[in-house]
Amino acid sequence: MAKSFYITTPIYYVNDVPHIGHAYTTCAADILARFHRLQGEKVLFSTGTDEHGQKIEKAASEAGLSPQELVDRVVVRFQELWKVMDIAYDVFIRTTDPVHVQVVQDFYRLLKEKGYIYKGEYEGWYCIPCETFWPESQLDQRLVCPDCGRPLEWLKEESYFFALSRFAEPLLQYLRENPECVMPESRYNEIYSFIQGGLRDQSISRTDLRWGIPLPDDPHHTFYVWFDALVNYLTVAGFGRDEEKFEIFWPHAYHLVGKDILRFHAVLWPGMLLGAGLPLPQRVFAHGWWTVEGEKMSKSRGNVVDPYEMIRRYGVDRFRYFLMREVSFGLDGDFSERALRERSNADLSDNFGNMIHRTLNMVWKYCHGVIEKPGDYRDPEWESLLEDVKEKFFLAMEQFAFAQALESVWRLVHFGNRYIDRQAPWRMAKEGRERELKQVLYRLVDCSRMVGLFLYPFMPSTVVKLWKLLGMEDGCKPVQEKDWRWGGGPECYRVREPEPLFPRLE
């Protein structure tokens, strides 16, 4: 039976301007989804937009629109970006979707029936832009938000609470028994220490907010946006509506998030699920932040990286490759266009693109574009390298170690270029050594096919182009075990006239 993977990004605040952080998380999720689909595994990949809260209410009022009219207009920012970035999601969820509203209310009823919801009064320092209450232990005398730096407001209001404090020990036990449920390790340690310090019950409703989902048993209250937003993962998986879908995907949920929202996903969300008696996600992976040439991104500095502009200048696959290769997923990274150009030229133009172009040029020149599998195509050196690369690549992908996965693939690329120089096929052609020439060229073409298999999740449009150059029109169909083996490609490659995949950037 095929494995199942439910891969999610956070739902992004709809009124934000999409930036490199949004692109980074979603690109990583897309790579995982494509990788597992390529193995013929069942995949549900979701992303979407968070469309409730005070900021939307205020922005709509200033624009002379209703909140729904505003979110309907601006949601296309994200939907269009994902098209441009080649993001192949299965579901784009909006928190204003009627089915999501129903699931949030049903989930609340379930928690209340189990005795984990109660009415009380909340007071504390609140950041309206981040929609987050902050304990005084995390504040200094300036009383500004630790995340965005804006002034906090003291709020005191009637509220419904989720009894999160009752789940501290069950959460710690789960963490001990599942050491990879929060990754990387530094984030696991952070969450474990945070829970050890004690948990407070979580306020889950507001009385001063109209643009939100009303509580089903007290419509004077609307749900706190994080309670609403987190439940989106259940909505997409079919909770309460599609039992078969839910059983297939929910036990295999993988959340990819930025480190700034890790506590919501690794403390509050698992606590809510425990309260409802539902399985916890397989893994929450928190990646780092991007700086820009050493400085934090901010609108005031004018250094927010626009994904649209980067793709316009450099192409989608150069941008996707750079995001995943430049820094280990989980660590902070620094973005600069100079670094993008240099890595793109070194890795994609001078190495990968060079190997492919040299190989196809020689097949076109010496074999009229047709190369059949020779009887003695096998080579112990190639086979040993391929097996080692495949093992390391799959292990890295299981750990969400995208940079390391790509690093392993480049061992094949470097070897291919060295092999061309060492074997000198042009000399074989000149000396009439046709049998040896066809051996060498078939190995190089099959190496090109294998590199394409590894790189397809990262650079899908480029690899589809490569497969067409190799005469493989259906290259991105789910692969069989034989496809990962040396010589597992077609018996005869009919290559097209070559064209550069990655011309050098000046």
Side-chain angles (χ1 to χ4, degrees), residues 9-31 34 47-50 59 63 70-71 73-89 92 129 148 256-258 260 287-327 329 331-350 352-353 402-403 406 455 457-465 500-506:
T9 73
I11 51 174
Y12 304 115
Y13 177 57
V14 71
N15 215 29
D16 278 345
V17 176
H19 55 68
I20 190 174
H22 302 119
Y24 189 45
T25 314
T26 313
C27 184
D30 181 69
I31 287 165
R34 289 179 183 273
T47 187
T49 43
D50 175 6
L70 176 67
V71 298
R73 288 187 182 186
V74 299
V75 69
V76 295
R77 293 173 179 171
F78 287 95
Q79 293 171 329
E80 290 178 352
L81 176 60
W82 302 150
K83 288 179 184 177
V84 171
M85 283 199 64
D86 227 347
I87 303 299
Y89 56 77
F92 187 98
C148 72
L256 276 66
V257 302
D260 53 322
H287 63 72
W289 288 336
W290 284 91
T291 54
V292 180
E293 298 183 354
E295 292 189 336
K296 185 177 180 179
M297 276 193 299
S298 72
K299 293 178 183 178
S300 60
R301 289 192 177 99
N303 65 350
V304 175
V305 178
D306 179 359
Y308 281 108
E309 185 62 18
M310 293 303 102
I311 292 168
R312 185 188 68 79
R313 293 181 188 177
Y314 303 108
V316 61
D317 281 350
R318 291 184 197 265
F319 184 56
R320 284 173 62 114
Y321 177 80
F322 178 80
L323 291 179
M324 294 300 116
R325 183 64 183 90
E326 184 68 5
V327 63
F329 197 63
L331 302 180
D332 292 340
D334 189 58
F335 182 90
S336 75
E337 288 192 62
R338 179 180 177 180
L340 191 160
R341 288 192 298 269
E342 288 177 350
R343 181 169 288 284
S344 180
N345 278 337
D347 292 3
L348 301 180
S349 301
D350 298 347
F352 170 60
F402 303 113
L406 288 168
L455 293 184
F458 295 86
M459 300 186 292
S461 60
T462 294
V463 173
V464 168
K465 183 177 179 180
L501 292 177
F502 289 105
R504 278 185 62 83
L505 299 171
E506 298 302 327

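All values below come from the heavy atoms of this structure, side chains included, with hydrogens, waters and symmetry mates left out.
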**Asked** Please walk me through it: do Arg34 and Asp86 pass side chain to side chain contact (heavy atoms under 4.5 Å, CB included)?
**Response** CA-CA 11 Å; Arg34 289 179 183 273; Asp86 227 347; 3.7 Å; yes
Does the plane of the ring in [X] sit parallel, tilted or perpendicular to the ring in [Y]? Use 30° and 60° as the thresholds.
X      : Y      : value
Trp82  : Tyr12  : tilted
Phe352 : Phe502 : tilted
Phe402 : Phe329 : perpendicular

Can you name the nearest heavy-atom pair linking [X] to [Y], along with the distance?
X      : Y      : answer
Val327 : Ala403 : O-CB, 3.9 Å
Leu505 : Asn345 : N-OD1, 2.7 Å
Pro457 : Ile31  : O-CG1, 3.2 Å
Trp290 : Leu323 : CZ2-O, 3.7 Å
Pro307 : Pro18  : CD-O, 3.6 Å
Thr25  : Leu256 : CG2-O, 3.4 Å

**Prompt:** Should Tyr24 and Val305 be marked as a side chain to side chain contact (heavy atoms under 4.5 Å, CB included) after you check the CA-CA gap, both sets of side-chain angles, and the distance that decides it?
**Reply:** CA-CA 11 Å; Tyr24 189 45; Val305 178; over 6 Å; no
**Message:** Applying side-chain hydrogen bond (donor to acceptor under 3.5 Å, both in side chains), can you list everything that pairs with Ser336, at least two apart in sequence or on another chain?
**Reply:** none
**Prompt:** For Glu342, what residues pass the side-chain hydrogen bond (donor to acceptor under 3.5 Å, both in side chains) criterion, not counting sequence neighbours?
**Reply:** Arg338
Atom [atom1] of [X] and atom [atom2] of [Y]: how far apart are they, to the nearest 0.5 Å?
X      : Y      : atom1 : atom2 : answer
Asp332 : Trp289 : CG    : CH2   : 7.5 Å
Leu348 : Tyr321 : CG    : OH    : 5.5 Å
Glu337 : Phe322 : CD    : CZ    : 10.0 Å
Leu406 : Met324 : CG    : CE    : 9.0 Å
His19  : Asp306 : NE2   : CG    : 11.0 Å
Ile87  : Leu81  : CD1   : CG    : 7.5 Å

**Asked** side chain to side chain contact (heavy atoms under 4.5 Å, CB included) between Arg313 and Phe319: does it pass, once the steps are laid out?
**Response** CA-CA 9 Å; Arg313 293 181 188 177; Phe319 184 56; over 6 Å; no
**side chain to side chain contact (heavy atoms under 4.5 Å, CB included) assessment of Asn15 paired with Arg77** = CA-CA 9 Å; Asn15 215 29; Arg77 293 173 179 171; 4.1 Å; yes
**Prompt:** Hey, does the side chain of Arg320 reach the backbone of Phe458 with a donor-acceptor pair shorter than 3.5 angstrom?
**Reply:**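 Side chain of Arg320 to backbone of Phe458, a donor-acceptor pair under 3.5 Å: yes, one is there.
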**Message:** Taking side-chain hydrogen bond (donor to acceptor under 3.5 Å, both in side chains) as the criterion, tell me which of Arg325, Arg318, Arg504 meets it with Ser344.
**Reply:** Arg318
**Message:** I'd like to know if Asp317 and Lys465 make a salt bridge, using a cut-off of under 4.0 Å between side-chain N and carboxylate O.
**Reply:**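 No, Asp317 and Lys465 are not salt-bridged.
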**Asked** Is the closest basic N to carboxylate O distance between Glu80 and Lys83 below 4.0 Å?
**Response**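 Judged by the 4.0 Å cut-off on N to carboxylate O distance, Glu80 and Lys83 do not form a salt bridge.
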**Message:** The criterion is side-chain contact (heavy atoms from CB on, under 4.5 Å); which residues satisfy it with Val75, sequence neighbours excluded?
**Reply:**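 side-chain contact (heavy atoms from CB on, under 4.5 Å) check on Val75 returns Val14, Thr49, Glu51, Gln79, Phe92, Arg94.
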